[in-house]
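Each ligand, and each atom within it, is numbered from 1 in the order the structure gives.
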Amino acid sequence: MNLQTFSLFREQAFVVGKWCSAADGKTQEIINPATLQVIGSVPFLGEQETKNAIKAAKVAQQAWQRTSAKSRAEILMKWYDLIVQNADELAQILTAEQGKPLAEARGEIVYAASFVSWFAEEAKRVYGDVIPSPIADSKIIVSKQPVGVVAAITPWNFPAAMITRKVAPALAAGCACIVKPAPETPFTALALMDLALQAGLPSALMSVITGDAIAIGEALLQSEDVHKLSFTGSTPVGKLLYEQSARTLKKVSLELGGNAPFIVFDDADIEQAVAGAMAAKFRNAGQTCVCVNRFLVQKGVYDNFVQALREKIMTLKVGDGATTGTTIGPLINHAAVQKVQSHIADALAHKARLIVGGQPHGAGELFFEPTLIADAKPNMMVAKDETFGPVAAVFCFDSEEEAIAMANDTQFGLAAYCYTKDLGRAWRMSDALEYGMVGINQGMISTEVAPFGGIKQSGLGREGSKYGIDEYLQIKYTLFGGL
Ligand code: ADP
């Protein structure tokens with residue numbers, strides 16, 4: 001595919017209402033992880049452009065918050081329509097820079113669009129309260145107002161959805177947005193920006209700044225005019241940005257790493273569990289924060305489950321995501337491949353059993369064989385650290401108590417999955433799992449209508465659902481006295 005012919009393929013950033021290059025002409029090349037070929041370049045911007053964007057966003061936000069929720073919703077709905085109409089082109093851009101199979105990329109575009117239509121609706125439902133006042137002749141009114149200018153810093157694994165999940169509620173609430181996309185995947189972000197302008201979004205209200213992550217991040221977080229940070233990415237960077245946000249006491253949402261357990265009890269429907277396992281483990285080549293990291297399987301079905309999972313893994317087709325039929329694309333970079341290799345080597349050194357895979361794949365430098373490891377133990381790296389790759393590690397347990405203890409034995413608390421046909425056990429597990437999200441007999445839990453987010457060191461705040469817009473609002477209480 002030749003991206004250069006796509007109208008949405010933009011090799012400029014969008015700052016202060018204009019498509020722009022760097023003043024010094026500096027650019028950054030973007031690589032297709034499947035072919036390692038350069039697909040284009042984007043401007044390498046930094047502190048000054050970010051400061052300019054904040055200044056413009058502040059002015060634009062004040063006008064935007066005075067518009068009616070209905071008119072904001074109309075622009076968001078137009079943006080939604082345009083995203084859906086352009087899903088094929090967007091998916092191809094996404095696959096070229098990120099690597100996931102085209103069908104998954106298309107699925108992500110539809111998922112990304114769903115946040116835009118959802119929050120277009122939610123814009124109209126930002127309700128307040130009237131509280132009976134303890135003072136006669138007075139009224140207590142509670143209203144909600146936009147936080148102001150929002151900084152959105154996003155990762156490469158969902159180059160479209162992680163942007164709309166932040167920007168749509170922010171715009172719906174009446175905020176302005178400055179987006180710093182991941183350096184690996186700027187083109188999807190820029191294409192979405194293009195469509196937002198076509199939808200009629202005031203141009204200074206949103207910027208997409210490519211370039212020096214640290215300089216852009218510093219400028220955003222130092223600014224007294226940015227009142228909110230919404231970040232999705234790794235836990236160490238999230239903690240750093242949380243610290244930086246403390247200086248100006250920003251409102252913060254963080255969606256960080258996980259270490260998801262997938263628990264299969266003896267009484268589970270094994271076929272259903274294996275289908276859920278495939279979706280929850282191998283989507284995006286294992287590179288999602290809700291991907292399973294640890295399969296905890298009860299003794300009675302352990303061998304059956306390992307065998308059934310092995311068979312399904314053998315059906316996966318590794319290759320360039322742009323090729324029809326591919327189900328596993330490349331990993332994002334060499335560091336990701338090295339991490340996968342080190343987790344496998346460590347597990348095997350600690351006497352895990354390699355069932356299938358375990359090697360780099362011949363399709364190219366960043367491809368890795370879908371891998372299954374049995375007899376994993378809590379002292380292995382795969383138990384403690386998010387692999388973020390196509391490696392399924394299976395642990396054995398005896399009792400429900402043991403499963404709960406193993407599942408919760410991590411500093412992370414994003415997603416957990418549990419397969420059982422016992423209704424009482426399903427409820428007990430939902431209660432006992434220390435996670436922000438639990439899938440019972442279900443491996444795909446993400447939807448725009450439900451609150452996505454973690455507890456413990458997996459993050460703060462929730463995205464999507466009726467709760468998601470609150471992250472971009474602040475509560476105001478007004479006492480009307482002497483009435
Ligand atoms: P990953 O390891 O998955 O790439 P990161 O947490 O490093 O995840 O990156 C997520 C996002 O955070 C990206 O947009 C990246 O550029 C950005 N980022 C990384 N370090 C910093 C930083 N020091 N300041 C601001 N943004 C950063």
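Using bins of under 30°, 30° to 60° and over 60° for the plane-to-plane angle, the ring pair Trp19/Phe14 lands in the perpendicular bin. Taking the six-membered ring for Trp and thresholds of 30 and 60 degrees, Phe119 and Phe115 have nearly parallel ring planes, at less than 30 degrees apart.
The cationic atom of Lys312 (NZ for Lys, CZ for Arg) does not lie both less than 6.0 Å from the six-membered ring centre of Phe282 and within 45° of the ring axis. In this structure, Arg294 forms no cation-pi arrangement with Phe262, as its terminal cationic atom is not both closer than 6.0 Å to the ring centre and no more than 45° off the ring axis.
Evaluated for a side-chain contact (heavy atoms from CB on, under 4.5 Å) with Ile178, the options Leu220, Val167, Val150 yield exactly one hit, Leu220.
Proximity of a side-chain donor or acceptor of Tyr419 to a complementary backbone N or O of Gln442 within less than 3.5 Å is detected.
When heavy-atom distances to ligand 1 are checked against 4.0 Å, the residues falling inside are Ile153, Thr154, Trp156, Lys180, Pro181, Ala182, Pro183, Ala213, Ile214, Gly217, Phe231, Thr232, Gly233, Ser234, Val237, Leu240, Leu241, ordered by chain and number.
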